[in-house]
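What you see is a predicted model; the values in this text were computed from it and never measured.
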Amino acid sequence: MLCHPNDHWFRRARPSITDPAIAAVVDEWIAEFEPSYASLAAEDWSAEEASADLVVDIQIPDEVPEGLKDRLPTLVLAELQNKVETGSQLIMHRVPPDQEQFNGYLVSALPRERWRACATLLRDGSILPGEGTRRLEPPTP
């Protein structure tokens, strides 16, 4: 649940809702999920961070490709473990490399979200998110 926030389904639908009454209900649902996810993300993830090759805060771009094979470019906002330049771009794998049958995404990231990635650093400089990876902030408007 940490890597797949429950409010994503509502956040994905929200921009296309034009009916004010329905929009208000969906906004309430999103607001109800925020405290529980924030509580989960605030847990102690230091063990997961300590075992990661790299811990960085990243920004998801304005558009996120839908294909399972896509590698997602992210912007490094802060480096917490290992040496990665703030402001640089890191490619985050959405599925494990070379796994044709993977069902889903490692991280369900939406455009403009901020995440803390506890990741494996791959030879090509890309990252594979792992345990402890969590959303820091929902999408900015």
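- The hydrophobic cluster containing Leu121 also contains Leu72, counting ILVMFWY residues as joined when their side-chain heavy atoms lie under 4.5 angstrom apart, directly or transitively.
- Atom CZ of residue Phe33 and atom NE2 of residue His8 lie 11.5 Å apart, to the nearest 0.5 angstrom.
- Asp124 and Arg71 make their closest contact through OD2-NH1, 3.2 Å (heavy atoms, listed as atom of the first residue, atom of the second, distance).
- The nearest pair of heavy atoms linking Pro5 to Ser108 is CD-O, 4.1 Å.
- Expressed to the nearest 0.5 Å, how far CG of Asn6 lies from CH2 of Trp29 amounts to 13.5 Å.
- By the criterion of side-chain heavy atoms lying less than 4.5 angstrom apart, applied directly or through intervening Ile, Leu, Val, Met, Phe, Trp or Tyr residues, Leu40 is grouped together with Val107 in one hydrophobic cluster.
- For the side-chain hydrogen bond (donor to acceptor under 3.5 Å, both in side chains) condition, no pair includes a residue of residues 76-89, sequence neighbours left out.
- The two residues Pro73 and Pro61 have their closest heavy-atom pair at O-CD, 3.1 Å.
- Both Ile60 and Val76 are members of a single hydrophobic cluster when ILVMFWY side chains are connected at heavy-atom separations under 4.5 Å.
- A donor-acceptor pair under 3.5 Å is formed between the side chain of Thr74 and the backbone N or O of Leu90.
- When all heavy atoms of Pro129 and His93 are compared, the closest pair comes out as CD-O, 3.5 Å.
- The backbone N or O of Pro138 sits nowhere less than 3.5 Å from a side-chain atom of Tyr37 that would complete a donor-acceptor pair.
- Put simply, Tyr105 and Trp9 are part of two different groups of oily side chains (I, L, V, M, F, W, Y) that touch within less than 4.5 Å, one to the next.
- Separation of atoms CG (Asp53) and CD1 (Ile127) is listed at 10.5 Å; rounding is to 0.5 Å.
- With contacts defined as side-chain heavy-atom distances shorter than 4.5 Å, the pair Arg114/Asp57 does not qualify.
- The structure places CG of Leu54 at 11.5 Å from CG of Leu128, a figure rounded to the nearest 0.5 Å.
- Taking both residues in full, the closest heavy atoms of Ile17 and Ala23 are given as CG2-N, 3.6 Å, listed atom of the first, atom of the second, then distance.
- Interatomic distance, CD1 of Ile58 versus CE of Met92, reported as 4.5 Å (0.5 Å rounding).
- A salt bridge is defined here as a Lys NZ or Arg NE, NH1 or NH2 lying under 4.0 Å from an Asp or Glu carboxylate O, and Glu34 with Arg135 fails to meet this definition.
- The backbone N or O of Cys118 lies less than 3.5 Å from a partner atom in the side chain of Thr133, making a donor-acceptor pair.
- Look at Arg14 and Asp27 and you find a salt bridge, because one of the NZ, NE, NH1 or NH2 atoms lies within 4.0 Å of a carboxylate O, short of that distance.
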From CA spacing to verdict: side-chain contact (heavy atoms from CB on, under 4.5 Å), Arg116, Leu80: CA-CA 9 Å; Arg116 176 153 301 152; Leu80 299 135; 3.2 Å; yes
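- One finds the CH2 atom of Trp115 at 5.5 Å from the SG atom of Cys3 (value rounded to the nearest 0.5 Å).
- Side-chain heavy atoms closer than 4.5 Å link hydrophobic residues (I, L, V, M, F, W, Y) into clusters, and following such links, even through other members, never connects Val84 to Leu75.
- Arg11 and Pro15 make their closest contact through O-CD, 3.2 Å (heavy atoms, listed as atom of the first residue, atom of the second, distance).
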